[in-house]
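Labels below follow one simple rule: chain letters A, B, ... track the order of the sequence lines, proteins then strands, and each chain is numbered from 1. Note that the structure is predicted; figures quoted are calculated from it, not measured.
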There are 2 protein chains.
Amino acid sequence: MPAPRIALAQIDTCVGDVDANAAAVLAWARRAADEGADLVVFPEMTVTGYPIEDLALRASFRRGAEAALQRTAAELEAAGLGELAVLVGTVGERTLAPTGDQDAPQGARRPTNQAVLLQHGQVQARYDKHHLPNYGVFDEFRIFTPGDDLCVVDVRGRRVGVVVCEDIWQDGGPVSQMDEAEVELLVVLNGSPYEEGKGHVRVELATRRAGEVRAPVAYVNLVGGQDDLVFDGGSFVVGVDGTVLASAPQFVEHLLLWDLPERGAPPQPGALAEPLSADEEVYRAIVLGLADYVRKNGFRSVLLGLSGGIDSALTATIAADAVGGQNVVGVSMPSAYSSEHSKDDAADLAKRLGADYRVQPIGPIVEAFRGELEIEGVTEENLQARVRGVLLMALSNREGHLVIAPGNKSELATGYATIYDAGSIGGFAPLKDVDKSRVWALARWRNNAALDGVFGPDELPPIPESSITKPPSAELRPGQLDQDSLPPYALLDEVLDAYVENAEGRAELLARGFDPAVVDKVLALVDRAEWKRRQYPLGPKVTALAFGRDRRLPVTTRWREP
Amino acid sequence: MPAPRIALAQIDTCVGDVDANAAAVLAWARRAADEGADLVVFPEMTVTGYPIEDLALRASFRRGAEAALQRTAAELEAAGLGELAVLVGTVGERTLAPTGDQDAPQGARRPTNQAVLLQHGQVQARYDKHHLPNYGVFDEFRIFTPGDDLCVVDVRGRRVGVVVCEDIWQDGGPVSQMDEAEVELLVVLNGSPYEEGKGHVRVELATRRAGEVRAPVAYVNLVGGQDDLVFDGGSFVVGVDGTVLASAPQFVEHLLLWDLPERGAPPQPGALAEPLSADEEVYRAIVLGLADYVRKNGFRSVLLGLSGGIDSALTATIAADAVGGQNVVGVSMPSAYSSEHSKDDAADLAKRLGADYRVQPIGPIVEAFRGELEIEGVTEENLQARVRGVLLMALSNREGHLVIAPGNKSELATGYATIYDAGSIGGFAPLKDVDKSRVWALARWRNNAALDGVFGPDELPPIPESSITKPPSAELRPGQLDQDSLPPYALLDEVLDAYVENAEGRAELLARGFDPAVVDKVLALVDRAEWKRRQYPLGPKVTALAFGRDRRLPVTTRWREP
């Protein structure tokens, strides 16, 4: 028997759309078979999409996923693919261990995070993930019950160990118990969200597990956007010595092939993907996140306010890369304080992107409010900003575009933005996790990429140079500049990163050498911004009882009751 | 030695305000000593407030809580209370078990949910909660590391077992291991959120544990509002046979005293609180939730739109009960479609409540929008509604009131509301978890309570009868009625409860006997509402990367870097 060929099917599933996901399994399995594969491995929770959050607790959803799984097994067989070993992920079930949880009485069936081997028209094996991450963005311990069995399957006479994602992140996990099973390959089904620089961590970790089982590790990762998360793909095969033997590109669907060597023979390298630069990685992550949010939620176009500033310019460019410039609607909503160059820059940008460009002055509406209400100062500035928000909502209402919000992380964290304005309303905020320093870096990278032909031949830089170089301003009063109210962005972003992201306290910030006056200013701004969000936060998330909080459902899902 | 007197200090702590919480411990300990107590027991996580969510992961926060704890031990001694045994909750620390979590490397100190015995100016014992709930509204497994030791302390020669909240919800938990310790009393520190009818469940559970240790159980619960949660107090002592020996009222701070019997003597009953009716329980939960949100966030007054309808009438009445009628600002914002009786009802309500009443027509502003934008139908209806939202934000901006949102659960679930209108903007939505049928029931209960003198002598019913009896309407076009678009509310609420709250699928709903046409209509409405929230949800919760989701901080907190 020749050594088996392994296919890593790095696909973009959609949470809840079990039929489309099952159809993708069939299509990619056929492709893998056409390429001569004996085993095709899909990402974590292929059939259900990932992460499904509290959908897992809905029995009708679990029934729907199981039906799609069984149908897929039969369809693979019917399509002449019965010999192919197909490893997919889905939601499984186990009988509950004793607990006081009133929502899940003892004896109830509880969901698991499951890998399933389909072959010869049947489910041949099931494996329930042991380690359920519950930190950072993960809530798996909340929704799943852990498994405790090992899974080793036979592929053309070779022993292949199967685990799921977090199982390899834990020392002493199931891989450490696989020693006696003498596996010749370990496959890992993953839904590992993108973080900057995480690729190296994954390879190091997989190498450690390869050492434990003394066999290569095939790491298959999900690709695609799901609400706040972007899965970057970047699947790979790594040898016991840490050599990457094959790797797939990030941010695209891909079928990566690799041949398991004959017994005793050294492993041979397969295709290797070119790594991306740091800025390109982040840029492509955001484009994919937006593109999938639009597509998976059934939108065709996006709408945003164009101020001529850098945030809306970069956001519109990202949108054009995600859905096509012709599907981007940019609205300039000038007030008395908008400079001519701002209006010119907005128009110029829209033209470069091929976007639908409109001008909608806000003066008469602001005047009508002023006629009804005595307002001045910040109240008046906020009102102007909110009139723009209402205009965007009306246009979206009338025409069905998804509103996107260009607010960046630095301004949202410090409250240097109006709640419900054109920067903060909308269904998706592409730059919400990108600080201002990075906004500039990404804009520069994107313009250079145009010159380098990265996005196609003969593209001109999409972002007007003056949007990048001019000092940022909200233009809500004459001569207003961001830097009159905030520390320099480079410094601000460094302090924010330490305080918000790394959860460092004031003592740690001072020990790092930051100026105490700057630290106190930034902490006061962040605390004040938090406080403002209590007065009228981004929607009334807060209520007297527990509505919404005990059911944390995914935003993007196509799950419908069958 | 006479048998010890036990004090259950049912207090209202504030998340993050470690100094104020520590001061409350001192004050209530003094009260307990004045009443002759030998042991005073406080609720779960007294010093830090509860639940602290991801604040637990901030090392500077843990240091601040520990400093406040140590100071409290010293201050108790200095105040001559050194003999008193004081059991408080706080955040503790343990060295991390091995894990792949990059945010918490091995060897790092990790938070625990801790009970601490203070006596003679010292920490005498520490106990880390074993069972960390991670279902429904709880995220404790996410943030805490479990303990594995038992805790039995000596109070005047008697053996007292100590556990925390979820520890008694799990069969086979620490209480089951206390058998050999021969405890004579088991005390439980709790932060158990209010749910309808939960009181009985708590007593049954405590009785089961009393049977295991063959001793009474003293159950001390937190009281107060924290964002979406309301802790109802209702502390009690229960005997081995299930007899409630003493009980505290719900929704107020209280010191409940109970004397442990002499060895071998039968337990004697103490004070018993009168139980509340179902509607009164819910009403008081909402009032306390709002009152604490206002107070703990440093607001003095609330602002809402008064339409003359039942939702805003009930919300304004709840607000008046929470913060005083003189601190409620009600704004009538009539349009061309507002009926005379609606305006009259709004004015009448405000007068009965003693609220600050204002009229702010929206016609000229809507006209200004119409002059700029061609809109009609639902787009035009939504625009009217959002102009009201912008007006409320401007008033809040100018005068500092907290905006509250009167939207109810039925309309939010079905999308029968405009996103960002006067019903859905704001920092707190008192009725967000109350369906329309219950809105009417609570309004009727409140009016009857006035006649019964529950809220003081000679009070007149606050809610105009016609606001309760007239058919509900959004009044965004002529003759519009809710029931033209929705099934009858009684039926709608039943289906919503099964579909949303109980996570039942379509098959289960039909098996219950619901009309398929109604079921399909309601499911379509809910799905459509979910979809609309993707277009411009209640604020852009959704982003390309993970901002905000991996740091789920509490909204209400007074924690500041020291």
Is B:E374 close to chain A through its backbone or its side chain, or both, or neither, when contacts mean heavy atoms under 4.5 Å?
both

Please determine whether a side-chain nitrogen of the Lys or Arg among B:E372 and A:R358 lies less than 4.0 Å from a carboxylate oxygen of the Asp or Glu.
no

Heavy-atom proximity to chain B below 4.5 Å, by part of A:I365:
both

Which is it for A:N397 and B:E380 under the side-chain contact (heavy atoms from CB on, under 4.5 Å) test, yes or no, and what are the steps along the way?
CA-CA 9 Å; A:N397 234 185; B:E380 204 269 342; over 6 Å; no

Quick one: does B:R398's side chain have a donor or acceptor within less than 3.5 Å of a partner on A:I375's backbone?
no

Aromatic plane relationship, A:F369 with B:F369 - under 30° parallel, 30 to 60° tilted, over 60° perpendicular:
perpendicular

Which heavy atom of A:T379 sits nearest to which heavy atom of B:A394, and what is that distance?
CG2-O, 3.5 Å

If you take all heavy atoms of B:A368 and A:A368, which pair is closest and at what distance?
CB-CB, 3.5 Å

Can you tell me which portion of A:P193 sits under 4.5 Å from chain B's heavy atoms? Options are side chain, backbone, both or neither.
neither

Tell me, side chain or backbone of B:P133 under 4.5 Å from chain A's heavy atoms, or both, or neither?
neither

Hey, which of A:N134, A:L132, A:D139, A:I143 is the one that makes side-chain contact (heavy atoms from CB on, under 4.5 Å) with B:N134?
A:N134

Mind checking the CD-CZ spacing from A:E140 to B:F141? Nearest 0.5 Å is all I need.
12.0 Å

Got a salt bridge between A:E508 and B:R63, using NZ or NE/NH1/NH2 to carboxylate O under 4.0 Å?
yes

Are B:R142 and A:F138 in a cation-pi setup, meaning NZ or CZ lies under 6.0 angstrom from the ring centre and within 45 degrees of the ring axis?
no

When you look at B:Q360 and A:L373, which way does the side-chain contact (heavy atoms from CB on, under 4.5 Å) test go after all the steps?
CA-CA 9 Å; B:Q360 179 64 65; A:L373 213 59; 3.4 Å; yes

